[in-house]
Amino acid sequence: MNFFEVIDNCLFFRYDGELVMLMPWGKDSLRVRSSILSEIKEGEIALQKPQNILDNDIVITIIDERHASIRNGHITAELFVQEWGNSLQITYRNQKKEILLREIANGGALMKKARKYKALPSGNFRLTVTFESNPEEKIYGMGGYQQEILNLKGCNLELAHRNSQVSIPFYISSLGYGFLWHNASIGEVHFGLNTTEWIAEASQGMDYWITAGETPEQIEEQYAACTGTVPMMPEYGLGFWQCKLRYYNQEQVLSVAREYKKRQIPIDVIVIDYYHWKRCGDFCFDKEYFQEPEAMVKELHDMGIETMVSIWPQVDWRSENYEEMKQQGLLVKSNAGIDVQMIFHGNNVFMDATNPRTRKYVWEKCKKNYADLGINLFWLDEAEPEFTTYDYDMYRYYAGSVAEIGNIYPREYSRLFFEGQQAKGQKEIVNLVRCAWVGSQKYGALVWSGDIWSSYEDFRKQICVGLHMGLCGIPWWTTDIGGFHGGDIHNKDFITLLLRWFQFGTFCPVMRLHGLRMPGKPIINQAGEEREWTGADNEVWSYGEEAYNIMVKFIHIREKMRDYTRMLMKQAHEKGTPVMRTMFYEFPQDKTCWDLKDQYMYGPDILVAPICYEKAESRKVYLPEGIVWINARDGKAYKGRAWYEVSAPMDTIPIFLREGHQEYLIYEI
């Protein structure tokens, strides 16, 4: 019986209607696909065509009728056809013959399936793929989940997007491999102690990618080579961004910008939040509140400040574009019932970002009403998109059912604006977006962590989120400094939290102050209609003199790091390197570094240890081995491979520098 076949450097297995295909895909990497009663479909939902695969790195061997292998550089897949049921088991090894990952065995009479297909009435399958679990393994990545957990071993994760949840199904293992679930279906993953189980609720077939590497850096670069890297960050992405919910008219925007300039406080970007339009889906300024937007943008540019405007993908039934978009089939469809997908200031449906005709239509509106006025940055909010109930199986995109393909939406949303800006001739592109998927980075996506609470617990969660996102190929990441919900500007405890968050934000890839500050104020238009409200002031001078001095100090620290941050952005652009890095990324040989969830490296030379517990004015910091570390506050030297209790009064944050790199911050902190 011939189970195996070799065609064009690919190894095939066939039995009882199942086809499994393994092929080289990038350096030290394999792509693995399977289907039931069909050939393997061509195409890539996220992977890019590999380059520079050397034929002499590829070795395919059919050993006997039950054993075969395929090697690509430092990774080898061993295929074994088990005697009970002729089911296939695949084992992945590195160049040292160590097991990286192995599918579960069938268990003889247990008749388990490593690749289980359950047919659905739609013609798709509910797919479950199960691997053995090494209890000592540590797992990192997978996107942004709101939890204070760095090592994801033992976690159950939903493979779906929500407001403040980003699902990017790629992880790095402490065993020396990276794994991408190359499937955009809504689903789940369970990193159990006994098994690792991937579930796709609706899928046409199995598709994943695995790579071997001796260091996290090597794995990350191989992943980036196969999924893309960010563009080069524009200069205005390196400094301070001012934002609040919300500057509701033109005069507010200009008065805040003028005040920053009057006080000589560096500022690169000012952000105009949502409902500067009349109805969602209008994609233009409301003339009642923004009478001369082109003049506003010009004055900001003359001050050296870029303008960012919010875009929502919702289209209100009353929008000036709704009927045309509905007639042209440019909207997301509900599978049954009435098309109301989010209720917020009216009945809303979502524009279908997976439809190329929608992308063309929406960009033409945004080009005319924003880009042609000189606006170069867009805030792509609601990018999940935020279905009111997150009942994903209720909706359908142009690209397919949301259950089958839904996780690509935020990437296509970023693509809409990136390709439009590129066609207009814009060279350096960055757009703020609330969600992402595999490949979003190459469309200029700067992801922020959504509408989180103003609490120390949420603050600590964001440190973990930012580190995971960097490992998933999203080096451009940020938070709402101070959190989004629940911050009262007159509350001393909130001001303390804000200052600690502001210090952390200085050492994030992008430094952006935002939030819905209380107490808010209602807005009534000339027609007597209640508009979206505006929060309390959220500028650096809004919190008292002491807070003002601390925040301005850290804005100047950010400015001093501009050359260093630009270097990090260049590394991200060229190799996919995270800007904000886990400790083990820089120090993989130091075992302690694999468990540090509330300190990190900002690039290779700056160790950041945020004060993220209430009322704390000191904290323990671990300094990795092999380095002499310099305290950026006083210049004192410390030996590595040791814990230290570090003092941190309200005006400072523990920062340590590699010896020889004191020029960045010494005595500034």
Taking the six-membered ring of Tyr390, is NZ or CZ of Arg162 closer than 6.0 Å to its centre and within 45° of its axis?
->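 Because its charged atom sits under 6.0 Å from the ring centre and within 45° of the axis, Arg162 does stack over Tyr390.
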
Criterion side-chain hydrogen bond (donor to acceptor under 3.5 Å, both in side chains) on Gln462 and Thr479, from CA distance to verdict = CA-CA 7 Å; Gln462 304 325 300; Thr479 68; over 6 Å; no

Check side chain to side chain contact (heavy atoms under 4.5 Å, CB included) between [X] and all other residues, then give those that pass, not counting sequence neighbours.
| X | result |
| --- | --- |
| Ser454 | Phe494, Leu497, Arg517 |
| Ala184 | Ile45, Ile405, Asn407, Ile408, Trp437 |
| Gln422 | Phe418, Ile429 |
| Ser319 | Arg279, Asp282, Val315, Asp316, Asn321, Tyr322 |

Qualifying ring pair (Phe, Tyr, Trp, His ring centres under 6.0 Å) pairs with a residue from residues 470-490, counting only residues at least two apart or across chains =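 Found Trp453-His485, Phe484-His514.
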
Residues which pass ring-ring contact (aromatic ring centres under 6.0 Å, His included) with His573, listed by chain and number, not counting sequence neighbours =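 In terms of ring-ring contact (aromatic ring centres under 6.0 Å, His included), with neighbours along the sequence ignored, His573 is linked to no residue.
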
List in chain and number order the residues that pass ring-ring contact (aromatic ring centres under 6.0 Å, His included) with Phe387, two or more places apart in sequence or in another chain; answer none if no residue qualifies.
->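 Once residues adjacent in sequence are excluded, the partners of Phe387 under the ring-ring contact (aromatic ring centres under 6.0 Å, His included) criterion are Phe350, Tyr395.
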
Just to verify, what does [X] make a side chain to side chain donor-acceptor pair (under 3.5 Å) with, not counting sequence neighbours?
| X | result |
| --- | --- |
| Lys424 | none |
| Gln252 | none |
| Glu235 | Arg562, Arg566 |

Can you spot which of Tyr247, Tyr370, Trp379 makes a ring-ring contact (aromatic ring centres under 6.0 Å, His included) with His276?
->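 Considering Tyr247, Tyr370, Trp379, a ring-ring contact (aromatic ring centres under 6.0 Å, His included) with His276 is found only for Tyr370.
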
Among Ile375, Leu254, Ile267, find the residue that satisfies the side-chain contact (heavy atoms from CB on, under 4.5 Å) test when tested with Leu300.
->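 So, applying the side-chain contact (heavy atoms from CB on, under 4.5 Å) to Leu300 and each of Ile375, Leu254, Ile267, only Leu254 qualifies.
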
Determine yes or no for a side-chain-to-main-chain donor-acceptor pair under 3.5 angstrom, with Gln441 supplying the side chain and Gly228 the backbone.
->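 Yes.
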
Any sub-3.5 Å donor-acceptor pair from Asp268's side-chain atoms to Gly239's backbone N or O?
->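 Between the backbone of Gly239 and the side chain of Asp268 there is a qualifying donor-acceptor contact (under 3.5 Å).
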
Would you say the rings of [Y] and [X] are close, in the sense that their centroids are separated by under 6.0 Å?
| X | Y | answer |
| --- | --- | --- |
| Tyr409 | Tyr397 | yes |
| Tyr260 | Trp541 | yes |
| Trp277 | Tyr275 | yes |
| Phe417 | Phe378 | yes |

For residues Tyr392 and Ser401, determine if any side-chain heavy atom of one lies less than 4.5 Å from a side-chain heavy atom of the other.
->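 SC-SC contact between Tyr392 and Ser401 ruled out.
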
Which residues share a salt bridge (Lys or Arg N to Asp or Glu O under 4.0 Å) with Asp458, sequence neighbours left out |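 By the salt bridge (Lys or Arg N to Asp or Glu O under 4.0 Å) rule, Asp458 matches no residue at all.
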
Excluding sequence neighbours, so at least two apart, what forms salt bridge (Lys or Arg N to Asp or Glu O under 4.0 Å) with Lys461?
->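 So Lys461 forms a salt bridge (Lys or Arg N to Asp or Glu O under 4.0 Å) with Glu457.
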
